[in-house]
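Data first, discussion second: the structure below is written as structure tokens.
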Amino acid sequence: MRLSQMLFVTLREDPAEAEIPSHKLLLRAGYIRRIAGGVYAYLPLMWRVLQKVSQIVREEMNAAGAQECLLPQLQPAELWRESGRWDTYTKAEGIMFSLVDRQQREMGLGPTHEEVITTIARDMIRSYRQLPLNLYQIQTKFRDEIRPRFGLMRGREFIMKDAYSFDADEAGLKRQYDKMHTAYCNILKRCGLAFRAVDADSGAIGGSGSQEFMVLAEAGEDEVLYTEDGKYSANVEKAVSLPPDVEASPFTAYKKVDTPGTETIAKIAQLLKCSPTAIVKNVLYQAVFDSGRIALVLVSIRGDQDVNEVKLQNELTKLADQYGGKTLLSLTVPDAAAQEKWAAKPLPLGYIAPNLEDSYIKPPKPMPAGAIAVNPVAPKFLRLADKTAVDLKHFVTGSNEAGYHVVGANWGKEFELPKLVVDVRKAIAGDRALHDSTQTLKTARGIEIGHIFQLGTKYSQALGATYTNEQGEEKPLVMGCYGVGVSRLAQAAVEQSYDKDGIVWTAAIAPYQAIVVIPDIAKAEQVEAAEKLYAELNAAGIETLLDDRNERAGVKFKDAELIGIPYRVVTGRSLQQGKVEVVKRATKESQDVPLQDVVPTLTQWLSAAVNA
Ligand code: ATP
Ligand code: MG
């Protein structure tokens, strides 16, 4: 392609709309253009990158025995009602764009395709002989993200590869899952990216396991905890570890003490000269279920520890049926405005004890006989204890009175241990690992580009997708699902590889592998040599750009660096010796190569780079 004929517009300045380097660079280098919040046009250079990534994904999926298909983006509401996800996806989480067609039928734009694929399986899979099966597609997904940001990283319209496997049993699912794991590692290696596969939160769906694939980069939205022996890595949302050892409480007798101005653990520990590990901290949350009911949740946890809200959400989701619902819609720390709605009197914030009386919650308004109570707030606190709080002896905790704590308290004596003991503790860097306590957890930031998930029978049961086994029994299909964010991966590649001058693509996914630059188009010999090389390189299968614009050489070199093409060939001064200058983008190393050696040299470099 000739730059003179391309839609080629680069910007010298960083666009104000972008925060992270990859987003700035993709905008500046003319790869993408914002059309609306989280909605981008993929310009010709970007589209080539996306096609390269897609092709690598496709080849690895095919090699793993999956089959490509293309499913509809417009999906009928009934399917989502069958799985029970219509209301959560369109109303509660509101992630699904929905519409009403001219015949008043409700439809959604696919954020994911479990419902569609499971209906197909229900209709078409009858027998164990048709199993195993793995179907995938590469397609635009729609999600009305609350906070679309960072360009293609979190878009509202983005490209995903999604695959769904169907098996007769858990063992079959495990085999497909392992194949997908291998395929994902291959995809990332071929793209030339540094990554880590980590244990991931499977939400309330449960399932036997899930892993995320993280491209390592500072701007990543996710935190990964790992050990250096390579045996453990997990998303912080899911991570487990050994908490630090407890330091014995200095208090042996129970008493209430005057502790003014000690709303935080640090302050109370300092005042009482005790370790935060001798304190029970009581954290208040407000949980809203899909039934509309609200639970006020009081979590007792060891003072030096924090609550992992993802783990807490999972525990609360398990309790949804007690609140007449199926799932949890939101979990928040109630602010003053929220407290005002349900608190009967001001809460002793910073001094809450595990036994905060239920009378802090307003009773429901008295209703005329026969009317349904309108107060959605459950009248009692839902009390949970984190495992770290359970074994504490003679601990310090709040007194339910501002300015006072109690010391020397014990479960089973002054306080009743909550019946629900859970693990909702947040693992952090520096904690000792569970598998080997000599290993400590290290932290890294990552961009989640893929997620593999053992779904089990959640969707097949909900939609009645069954098969007949060898014994003639009807069984639900055992499913897995596997996603790769193709457009997010392409941007993550930039986030991992750029310098002050621009993008540094790896050879495997660069839009073009080489760019031939004519420093001065007024010089016939420069043009002639460049045209010849351009034709030869393309003929040799090296995708090559020709910068034949009427621009200064400096502008051309800057642009070539900005767009990140791996090899730049310059038909400049060294032509007099029958040579051209070849510059490697990543290292800026430059060497003069005889004209006739350019094609073989680049062919060799590229094959080494792609197979590295
Ligand atoms: P996230 O936690 O980042 O929102 P997710 O758990 O919702 O991701 P999945 O539903 O598992 O993601 O989707 C599979 C893959 O699609 C993700 O691993 C990610 O790479 C990509 N993806 C998800 N949401 C977006 C988005 N809004 N923009 C771009 N890519 C996305
Ligand atoms: Mg998401």
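Just follow the structure's listing: the first ligand is 1, and inside any ligand the first atom is 1.
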Electrostatic pair Arg425-Asp431, nearest N-O below 4.0 angstrom: yes
Shortest non-hydrogen contact from Lys281 toward Arg302: CE-O, 4.4 Å
Sub-4.0 Å heavy-atom environment of ligand 1, residues by chain: Arg143, Glu145, Leu152, Met153, Arg154, Gly155, Phe158, Met160, Glu448, Ile449, Gly450, His451, Gly485, Arg488
Option among Arg156, Arg154, Arg488 that satisfies the salt bridge (charged side-chain N to carboxylate O under 4.0 Å, His left out) test with Glu145: Arg154
Pairing residues for Thr10 by the side chain to side chain donor-acceptor pair (under 3.5 Å) criterion, not counting sequence neighbours: Asp559
Ion pair Glu60/Arg190, N-O distance below 4.0 Å: yes
Presence of salt bridge, Arg445 and Glu495, under 4.0 angstrom: no
